[in-house]
Structures are given as C-alpha cells and as structure tokens.
2 protein chains.
Amino acid sequence: MSLPHAILTSLLEKPCTGAELARRFDKSLGHFWPATHQQIYRELGKLEEAGLILARGLATARGSQRHFDVQAAGRAELERWSLAAAEPRPVRDALLVRLRAAAVLGTVDLGGEIRRHRQLHAQTLGRYRAIEERDFPPGRALDTAGGLRRAVLLAGIAFEESWLAWCAETLATG
Amino acid sequence: MSLPHAILTSLLEKPCTGAELARRFDKSLGHFWPATHQQIYRELGKLEEAGLILARGLATARGSQRHFDVQAAGRAELERWSLAAAEPRPVRDALLVRLRAAAVLGTVDLGGEIRRHRQLHAQTLGRYRAIEERDFPPGRALDTAGGLRRAVLLAGIAFEESWLAWCAETLATG
DNA sequence: TACGATTATGCAACTTGTTGCGCAAAGGAG
DNA sequence: CTCCTTTGCGCAACAAGTTGCATAATCGTA
C-alpha cells in the first residue's frame with residue numbers, strides 16, 4: 001500500500017507529468033520504494049479516479065502530457081497513512097538464499113558473486129554520497145523537512161555500508 | 001524466482017512435509033526470504049510437477065501428510081540457479097517513504113513510530129543473536145557449510161544493528 | 001468410542017509488481 | 001515538408017505475494 005502514497009509525496013513536492021514523476025522517482029524516492037513507469041501510470045489512474053489527485057490536460061489521446069496536482073483529499077490521505085502504524089518488512093535477499101544453497105550443495109563457490117555485489121553496493125553508496133554532498137553540504141543549517149530528508153538518505157547510506165562491510169568480512173573469512 | 005530455490009535448499013537440508021517446511025522456514029531461511037504456507041504449498045506442487053522433488057505419500061485426500069525429497073534434477077537446478085548472476089534488490093521500506101511524506105507535509109511527527117520500529121528491530125536482533133549463540137558458539141571450529149550459514153546470519157545481524165543505529169541517531173537529531 | 005481442538009493440506013480470489021509491446025506526440029536532420 | 005528518432009503514455013498478460021476460508025486427518029480427553 002505504499003506506492004500510491006509515495007506518488008502523492010512526490011507530487012506534493014512538485015506536481016508534474018507521469019513521465020517526469022517516473023524519472024524523479026528513479027533518483028530519489030524510488031531508492032527506497034522502486035517502481036516502474038507502468039506501475040506509476042496505473043497508480044496515477046487510480047489516484048485520479050479516487051479524487052486524490054487532479055489532472056490538468058485531457059486524457060483523450062495517447063502520448064499527450066497530463067500534469068497532476070494533489071488535491072486536499074490526497075493530502076489528507078497521505079497524513080492518515082503516514083501516521084498509521086506499519087510493520088517493517090523483513091529483508092528479502094536472494095544472495096543470502098544462495099549462500100545457504102551453497103552451504104548445503106557444497107559444490108558452489110559464490111566468491112565471485114559476492115565481489116560483484118560488493119561493487120554494486122559501492123556504486124549505490126557512491127550515488128547516495130553524491131546526493132548528500134549536493135543537498136546537505138556540511139556547515140549549512142537544516143530545517144525540519146531537510147533533516148527528515150537527510151535522515152532518509154542516511155538510512156540508505158547506512159544500509160549500503162553495512163552490505164559493504166559484510167561482503168568484505170565474508171570474503172575474508174570464507 | 002527465489003522461493004522455489006529456497007524450498008529446494010531447505011528440503012535438501014532435511015526432507016519433510018509441507019507444514020514442517022513452513023515451520024522451519026519461519027525460523028531460518030524465511031528470515032531472508034519470507035513465505036506463507038500457501039506460497040510454500042503452491043511451490044511444492046509446481047516443483048513436484050516439474051519433477052524436481054518427489055512426494056512420498058499420495059496426494060489423494062486433503063489433510064494427509066506428504067513427505068518431499070529433492071530429486072537429482074532439483075539439485076542440479078539449485079546449482080544452476082545459485083551460480084547464475086542476480087542483482088540485489090533495492091531496499092523497500094515504507095518507514096522511509098513515510099519520513100519523506102512527513103517532510104513534505106510538515107504536520108506529522110513520526111518519533112513514536114521510529115521508537116516502535118527500534119524496538120521491533122531490537123527483538124529481531126535478539127532472535128538472531130540467540131541463534132548465533134546456539135549454532136555458532138565461539139571457540140568451535142566451523143566447516144565450510146557452517147561458515148556459510150554463519151555468514152548469512154551475520155548479514156541479518158548487521159542489518160538489524162544498522163537499523164538500530166539509524167533509529168537512535170534519527171531520534172537524537174530530529 | 002465419541003467429541004472437540006489442533007495440525008496439515010489445499011482452493012479461490014485478490015493485490016502488487018514485472019515484462020513486453022504498441023501507439024501518439026515532439027523535435028531535429030535531411 | 002518528410003522522415004526518423006526520442007519521449008510520453010498506456011494496454012495486456014503474466015508472475016509473485018497475500019488473505020480468507022474449507023476440508024481432512026490426528027490426537028488428547030472425557
């Protein structure tokens with residue numbers, strides 16, 4: 001149930017078209033709740049039908065841009081949802097399953113995959129750090145909203161660093 | 001595509017019935033690839049149909065136990081899959097979306113939720129640590145398989161610790 | 001042995017996420 | 001102006017995950 005709310009959040013930050021939303025998503029909120037452009041279009045349709053957002057521009061022809069704004073009802077729904085209690089999702093990572101498989105098979109070496117993952121996580125970490133430097137340079141005071149956005153980014157950074165450390169240790173130990 | 005392979009792994013560790021598999025899953029592999037019993041039964045059906053596992057006992061009546069063994073083809077498929085390259089899934093956590101929503105709304109305080117999540121993550125960490133003490137007590141030498149299983153557990157521990165640290169810092173900063 | 005609670009198995013319907021494709025508009029190159 | 005590429009939009013089919021319920025076996029207990 002998070003995708004529509006992620007979209008509301010993003011539209012509230014800046015109203016835009018579906019395609020622009022999809023692009024922005026890839027570079028910001030999508031880091032923590034990924035979505036394809038098809039998912040986004042579908043949800044935009046539902047949100048519009050529910051009256052939570054409003055489209056400027058007609059839905060007549062394909063390929064014509066439609067600009068979306070969040071309505072008061074949308075804002076209210078987002079408040080409701082963000083305050084409601086929700087459980088964290090457990091991790092779900094195939095690499096860990098594969099390690100267990102390797103353990104029981106005894107014939108499979110995943111060192112290469114771990115190294116590859118280490119590199120991928122290092123790349124992601126690099127992207128996050130670049131965003132941090134760009135949006136939250138040291139020495140500048142942050143308002144509440146800025147602090148919250150920074151906290152989200154720091155969670156991503158912590159996560160990637162945790163992966164990197166684990167990869168290093170696993171490679172060293174195994 | 002991971003669930004069937006997680007099931008193969010678990011069945012390879014110890015052949016059993018669907019219900020027992022579901023129970024074992026909750027306490028071990030399921031920490032990293034959760035699945036409900038319905039998912040498991042459905043996959044068992046598919047795996048059996050594909051000839052990757054074999055059921056001792058007839059599928060005649062409901063409620064009668066069926067014991068599953070991994071076939072050679074199943075083992076081969078698991079090897080193939082665990083060696084094939086696969087990308088890590090990005091994080092997908094609603095709490096982070098909610099923080100961004102709170103940032104843009106400006107009227108929502110998530111401190112309580114963060115504290116609650118901190119507690120949940122602490123509980124999970126406690127469970128992992130208990131498993132670590134039970135299965136990998138210090139001072140005992142580990143074979144390769146044990147090392148791999150321990151590495152998986154350490155990944156879980158690292159994530160939870162990372163979450164805990166983040167919760168603490170976010171509560172302190174915000 | 002009869003009864004009720006628990007355990008095991010499974011169907012059906014639904015929601016969410018993914019993949020692949022097709023069509024329309026916009027915008028530059030010839 | 002025409003062609004062609006890129007961008008935006010969206011359908012349709014599928015795969016994966018979830019929820020709720022129904023039924024059969026099992027087991028303890030009266």
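Convention: sequence-line order gives letters A, B, ...; per-chain numbering from 1. Because only heavy atoms are used, hydrogens play no part in the values below, and waters and symmetry mates are left out as well, while side chains stay in.
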request  = Kindly write out the residues that satisfy side-chain hydrogen bond (donor to acceptor under 3.5 Å, both in side chains) with B:Arg100, not counting sequence neighbours, or none if the list is empty.
outcome  =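 With sequence neighbours excluded, B:Arg100 shows a side-chain hydrogen bond (donor to acceptor under 3.5 Å, both in side chains) to A:Glu13, A:Ser28, given in chain and number order.
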Integer-rounded Å distance: [N] [atom2] and [X] [atom1]:
| X | N | atom1 | atom2 | value |
| --- | --- | --- | --- | --- |
| B:Leu21 | C:dT7 | CG | C1' | 15 Å |
| A:Ile7 | C:dT16 | CD1 | C1' | 13 Å |
| B:Lys46 | D:dC14 | NZ | C1' | 11 Å |
| B:Arg89 | D:dG17 | CZ | C1' | 10 Å |

inquiry  = What I want to check is whether the side chains of B:His121 and B:Glu161 have a donor and an acceptor closer together than 3.5 Å.
reply    =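 Note: B:His121 and B:Glu161 side chains miss the donor-acceptor criterion.
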inquiry  = Any donor-acceptor pair under 3.5 Å linking the side-chain atoms of A:His5 with those of A:Glu77?
reply    = yes
Aromatic ring proximity A:His31/A:Tyr128, centre distance under 6.0 Å =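 Under 6.0 Å, so yes.
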Output field: ring centroids A:Trp163/B:Phe159 closer than 6.0 Å =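 Yes - the distance between ring centres of A:Trp163 and B:Phe159 falls below the 6.0 Å cut-off.
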key: Residues in contact with DNA chain D, drawn from residues 23-44 of chain A - heavy-atom cutoff 4.0 Å   =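 The stretch gives A:Arg23, A:His37, A:Gln38, A:Tyr41 as the residues lying under 4.0 Å from the strand, ordered by number.
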N/O (side chain, B:Arg66) to phosphate O (OP1/OP2, C:dG10) under 4.0 Å =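 For C:dG10, OP1/OP2 do have a side-chain N/O of B:Arg66 under 4.0 Å.
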message = A quick test of your reading: do over 12 heavy atoms of other residues, nucleotides or ligands sit less than 6.0 Å from CD of B:Gln119?
response = no
ask   = Start at the 5' end of DNA chain C and walk down; is the nucleotide closest to B:Phe68 or to B:Arg92 reached first?
value = B:Phe68
